[in-house]
Every structure is written in structure tokens, then in C-alpha cells.
Amino acid sequence: MTNVAIDQTSKQDDPADQDTYHPLARDRNEAGFWGWIDRQADKVSSWLNPILIKEARQSLKSKQFLITFFLMLLASWFWTVVGIVTQAPDVYYTPAGQSLLAGYYFVLAIPLIAMVPIAAHRSLVAELDDGTFEMLAITRLSSMRIVTGKLNSAILQMMVYFAAIVPCLAFSYLMRGIDLPTIAMILVIVFFTALLVTSVGLLLATVTMNRAGQMLSLLGVFFSVLFAEFMCGAFCLGSILYSEMGSDKDAILLLILFVVVGMSCVVIFIRAAAARIAPVTENRSTPLRWCMFTQQLLWIAVIMIMLLWERDGDIANFGTMIVGGYWLAMGTLMLGESPELSPRVQRDLPKTYLGRMLLTWFNPGPGTGFLFATSSGIAGALTLSLFATIYGDREAETQPLVFAMIISGYLTGYLGITRLIVMPLSFRLGRSFILPSATMALVLAFCSIIPTVLTVIATGSTPYGYEPLECIDWMWTLSESFINPYSPPLALLVFCVGMTLALINLLLLFREFRYRRIAVPQRVLQDVASKAEPG
């Protein structure tokens with residue numbers, strides 16, 4: 001018997017006999033298409049396994065998942081019975097799919113949009129609290145892989161929930177009254193909304209390490225969940241009960257744009273969460289700035305597509321306003337960065353003069369962050385305004401170029417004032433994103449009430465209409481520009497004041513421009529070479 005077994009083993013190991021086996025049963029190192037598929041699958045498995053298997057076991061065995069999953073099954077069964085009983089005997093003759101699908105939406109949306117993000121948030125907070133994150137940090141796992149492991153675990157839970165509800169969705173389609181494109185659109189919207197809220201939850205989990213901050217971050221997750229549930233529910237229920245959005249071209253276009261912009265937000269949120277827990281010696285800013293730049297390009301492309309679709313200049317003004325607000329927020333956060341660069345970061349700085357000229361704005365630091373935010377915002381606003389001027393058939397209330405000057409002036413002005421205030425305070429209070437964020441909030445609040453206060457002091461009464469002094473008030477100015485044509489001289493005044501403040505800030509940027517690339521130490525090269533050697 002032993003000789004027979006040895007003989008069979010030798011036949012299996014013989015390459016000449018490999019053709020007798022199915023391609024999927026052969027050795028993965030074999031040449032050919034299926035061998036290549038096996039090798040690629042093995043690489044993907046090796047990349048996912050270190051953190052995904054741990055998170056999957058931990059999450060799928062938790063009481064929260066088990067209770068949520070079985071309650072979901074019970075709720076779907078209960079709604080199926082109630083939906084059929086309440087509409088009997090007319091259910092045999094009239095369509096009942098709409099009402100059933102509306103109930104199934106709630107059964108699906110509550111676990112995906114509410115429970116999964118909260119569980120992912122609490123999981124990452126527990127890692128940071130219990131000290132297990134330090135054990136993961138000393139391994140070869142990067143901070144990015146740790147955060148994406150949490151995200152992949154959340155996606156796995158979503159897939160399990162989807163698998164449980166899909167038979168119910170098929171049943172609602174069989175009951176007539178709803179079409180397959182609408183059902184598919186509902187699933188896509190719910191999935192990407194849950195993915196977006198989960199990434200927000202992971203980011204908020206890394207914002208602070210103390211107990212009070214963690215409670216505030218959990219409240220932020222609850223607020224994000226409620227907002228997402230309301231917005232997603234309003235759109236999905238409207239498409240189910242009042243119109244078949246699955247066959248509407250405008251709805252399909254909006255869905256595609258939502259997926260594109262939403263995925264870019266997911267990427268930047270995950271990148272930011274990984275940067276928050278990465279070692280301080282790493283370059284945590286440059287990858288985020290590339291993500292911001294890419295996200296602006298996507299947003300400009302989205303607005304251009306909508307402008308070509310609708311031919312309305314107000315769409316360009318709305319997109320310009322979002323660009324200005326986006327870079328105002330991102331620039332405020334970048335003002336909290338440290339101007340000092342570690343040797344590890346300096347080793348990756350641009351080498352050539354052309355590289356320094358084009359890529360210095362991506363280097364970490366509050367000064368480069370200020371210039372990166374203002375220049376990107378002005379370029380985005382100018383691009384959208386020129387495109388609207390050329391391709392917009394219906395003119396906006398305010399000319400796009402005039403509106404772009406307003407947004408550029410507010411962006412450079414408010415960000416410049418905030419940086420001038422934060423610079424001396426940071427030497428005493430330290431570098432943190434909280435200081436520039438609080439300062440920016442105060443600047444925006446004061447600028448919105450100062451014109452009214454000055455008018456009351458001068459005239460004894462509140463202003464009855466929009467006056468030139470109100471150009472300081474960003475809220476009233478933006479509202480006025482969407483209702484009535486805005487004065488080009490006033491817009492030019494706002495732009496010139498903002499650029500003056502930006503030029504004052506430019507005089508304080510030379511220190512961050514003096515950094516140059518340094519050579520990699522020999523011992524670091526030896527460590528890299530030893531890790532690259534096989535075995």
C-alpha cells in the first residue's frame with residue numbers, strides 16, 4: 001500500500017501528468033492564464049489577510065453584528081407578512097411592489113448606514129484605547145493598511161446584509177409596480193452612502209485620543225448618520241413612491257456623479273485617518289494634498305458635465321462657491337501643520353529645479369499649505385467661470401467671472417487673516433488643527449456681523465438693503481450674488497483686498513522654501529537592501 005501511495009504521489013508531482021488535472025487544481029506557479037490568475041489572487045490574499053481576517057473574525061462574531069443581523073431577518077419577514085396581509089385580497093390584482101420596497105429600504109438602510117459606521121468607529125477607537133494599535137504599529141503593517149482593514153471589514157458586513165435582503169427585493173419586483181433599474185439604483189445609493197459615512201466614522205475615530213474628545217467624535221458620527229439617513233431616505237423613498245428614477249436620464253447622471261464624488265471623499269477620508277495615526281516622522285501631508293488636487297479636478301469635471309447638460313450659468317457659480325469653501329476648509333486644516341520637516345521627509349523632496357518649482361506646494365508646512373490652497377482655489381474658480389462664459393447658454397444672475405473674483409477674494413482674504421493670527425499664537429499654544437479651525441470660525445462670524453454693527457453705530461438703524469460696506473459680509477454677499485447681479489467694481493475690490501492679504505503672507509513663506517533634499521544615510525540603504533533580499 002505504501003508503494004502504491006508513493007507511486008501516485010510521484011505521478012501527481014510529474015509535470016507531464018499535470019494536463020490530466022483541471023486548470024483550477026494545478027500548481028499556481030504553472031505557466032499560463034490560470035497560473036497567472038492564481039499568482040495574482042495569492043498576492044491579493046497576502047495583502048488583505050493580515051488585518052482583514054482579524055477584523056472579519058472580530059466583527060462577525062460580535063454580539064452587535066449577530067443581534068443586528070437576526071433583527072434584520074426578523075424585520076424583513078415581518079414586513080413581508082404585513083405588506084401582503086394589509087393589501088389582501090387586492091394584492092392578486094393590483095401592484096404592491098412599491099409599498100413593499102419602501103419598507104425593505106428601511107430594513108436595509110438602518111443596519112448599513114447606521115450600525116456599520118458606528119461599529120467601525122468604535123472598533124478603531126477600541127484599538128487606540130486598549131493599546132492593541134501599538135502592537136500593530138510595530139509590525140510591518142502601515143497605518144494605511146490598518147485603516148483599510150477596518151474599512152474592508154465594514155464592507156464585508158455590508159455584503160452580508162445585502163445577501164440577506166436581496167431575496168426580499170426580488171419578491172417586491174415580482175409583486176409588480178417597481179422596475180429593476182430603480183431597485184439597482186436604490187442598492188447603489190445605499191451602499192455608497194454607507195461607505196461614505198463609514199469613512200467619516202473612521203476619520204473621526206482618529207481625531208483625538210482622550211475620553212472627552214472620543215465622546216464628541218461619537219456625537220459627530222451620530223450626526224453624520226442622521227444626516228445621511230435623512231438625505232438618502234428622502235431621495236430613495238421619493239424615487240420609489242412617486243417616480244421611477246431608474247429610467248430617468250437625469251437621475252442616472254446624478255447617480256454617476258454622486259458615486260464619483262463620493263468615492264473621492266472616501267479616499268481622502270481614509271487617507272486622512274491613516275495620516276492621523278501614522279508616525280510623526282512620515283510625510284503625512286503630501287499624499288493628502290495630491291488627493292485634494294485630484295478631488296478638485298473631479299469636481300470641476302462634474303460641474304462641467306452638468307453645465308453642458310443644463311446650459312445654466314448658475315451651476316458654474318454654485319460649483320465655484322463649493323470650490324472656494326472646500327479650499328477654505330482644507331487650507332485652514334493645513335495651517336495647523338508644523339513648519340519643521342524631519343530628515344525622513346527631506347529625503348523625498350524634489351531634486352531638480354523644475355521639480356522644486358512645480359512640487360514645492362505639495363511639501364508639508366503651513367506656508368506651503370496656504371499657497372497651495374489659495375492657488376488651487378483661484379485656478380479652479382477661474383476655470384469654471386471661463387468654461388461657463390463660453391458654454392453657458394442661460395446667463396447667471398451674476399457673471400461667472402465676477403463671481404469667481406468674489407470667491408477668490410474671500411478665500412485669500414479670510415485664509416490670510418487666519419494665518420496672520422495663528423502664526424504668533426502657535427508659538428505659545430503649539431501646533432494643532434483646532435487652533436486655526438477655531439480662529440477661522442471666529443473670523444467668519446465677526447466678518448458677517450461687523451458691517452451691520454458699523455451701520456448701526458453710524459446711522460442708528462440696521463441696513464435696509466445691500467450696501468457697499470456689506471461686501472465684508474460673506475453670507476449676505478453670496479446670497480445677493482445669486483439673487484441680483486453683483487457689481488463688478490465691488491467684486492474687484494473684494495479680490496484686491498484678498499490678494500493684498502495674500503501678498504503680506506507671501507513675505508513670511510521663505511523659510512519653508514529653503515528646505516532641500518538630503519542624501520539617504522548608508523545604514524538606511526543597507527536596511528532597505530536587506531529587506532528586499534529573498535528569504
Side-chain angles (χ1 to χ4, degrees), residues 289 292-293 296 300 316-317 319-335 337 339 357-358 360-363 365-389 398-424 436 439-440 442-448 450-451 466-478 480-481 485-513:
R289 296 190 186 188
M292 297 174 196
F293 183 72
Q296 172 172 263
I300 291 175
N317 287 350
T320 303
M321 182 179 66
I322 298 299
V323 167
Y326 176 82
W327 286 114
L328 189 69
M330 296 297 107
T332 302
L333 296 176
M334 286 187 283
L335 291 181
E337 296 179 355
M357 183 175 64
L358 297 177
T360 298
W361 328 115
F362 293 90
N363 295 343
T368 57
F370 169 80
L371 197 56
F372 177 69
T374 52
S375 58
S376 299
I378 293 174
L382 183 62
T383 301
L384 287 176
S385 61
L386 291 176
F387 190 84
T389 303
T398 299
Q399 299 178 11
L401 286 174
V402 174
F403 194 83
M405 285 195 296
I406 297 173
I407 294 298
S408 301
Y410 283 147
L411 173 63
T412 54
Y414 290 147
L415 207 56
I417 293 174
T418 302
R419 183 169 183 265
L420 294 176
I421 296 174
V422 168
M423 284 183 64
T439 305
M440 177 60 75
L442 292 175
V443 168
L444 293 176
F446 278 116
C447 288
S448 62
I450 283 178
Y466 188 86
E467 302 292 338
L469 182 61
E470 300 295 337
C471 66
I472 305 175
D473 185 355
W474 57 278
M475 294 181 65
W476 197 347
T477 300
L478 294 179
E480 181 72 16
S481 62
Y486 198 79
S487 172
L490 277 181
L492 182 61
L493 175 63
V494 173
F495 180 76
C496 291
V497 172
M499 293 305 297
T500 302
L501 290 169
L503 291 175
I504 294 174
N505 278 272
L506 287 178
L507 300 176
L508 306 174
L509 293 178
F510 295 107
R511 178 188 176 190
E512 296 181 29
F513 294 158

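Count residues from 1 along the sequence.
Using a 4.5 Å cut-off on side-chain heavy atoms (C-beta onward), Leu442 and Ile421 make no contact. The closest side-chain heavy-atom distance from Thr383 to Phe387 is not below 4.5 Å. Considering only heavy atoms from C-beta on, Pro436 stays 4.5 Å or farther from Leu333 through its side chain. Side-chain atoms of Val323 and Leu384, non-hydrogen and from C-beta on, do get closer than 4.5 Å to each other.
Every residue meeting the side chain to side chain donor-acceptor pair (under 3.5 Å) condition with Gln296, not counting sequence neighbours, appears here in chain and number order: Trp327. When the salt bridge (charged side-chain N to carboxylate O under 4.0 Å, His left out) test is applied to Glu480, no partner is found at least two apart in sequence or on another chain. Annotation: side chain to side chain donor-acceptor pair (under 3.5 Å) contacts of Asn505 (sequence neighbours excluded): Arg419.
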Got a list of side-chain donor-acceptor pairs under 3.5 Å for residues 487-494, not counting sequence neighbours?
none

Distance-only donor-acceptor pairs under 3.5 Å for side chains of residues 410-417, two or more places apart:
| residue | atom | partner | partner atom | Å |
| --- | --- | --- | --- | --- |
| Tyr410 | OH | Cys471 | O | 2.5 |
| Tyr410 | OH | Thr477 | OG1 | 2.9 |
| Thr412 | OG1 | Ser408 | O | 2.8 |
| Thr412 | OG1 | Gly409 | O | 3.2 |
| Thr412 | OG1 | Gly498 | O | 3.3 |
| Tyr414 | OH | Ile472 | O | 2.7 |

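Annotation: side chain to side chain donor-acceptor pair (under 3.5 Å) contacts involving residues 398-407, sequence neighbours excluded, are absent.
Taking the centre of each ring, Phe362 and Phe372 come in below the 6.0 Å mark.
Met440 approaches Thr418 most closely through the heavy-atom pair CE-OG1, 3.1 Å. Annotation for Pro451 and Glu470: closest pair CB-OE1, 3.4 Å, computed over non-hydrogen atoms. Pairing each heavy atom of Leu371 with each of Ser375, the nearest pair is O-OG, 2.6 Å. Pairing each heavy atom of Ala381 with each of Ala404, the nearest pair is O-CB, 3.8 Å.
One finds the CG atom of Leu382 at 13.5 Å from the CD1 atom of Ile407 (value rounded to the nearest 0.5 Å). Rounded to the nearest 0.5 Å, atoms CG (Leu401) and OG1 (Thr320) are 9.5 Å apart. Here OG1 of Thr368 is found 8.0 Å from CE of Met334. Values are rounded to the nearest 0.5 Å. Atom CE of residue Met423 and atom OG1 of residue Thr439 lie 13.0 Å apart, to the nearest 0.5 angstrom. Note that the OG1 atom of Thr500 and the CZ atom of Phe495 stand 9.5 Å from one another [nearest 0.5 Å].
With hydrogens and angles ignored, the 3.5 Å screen pairs no side-chain donor or acceptor of Trp474 with any backbone N or O of Cys447.
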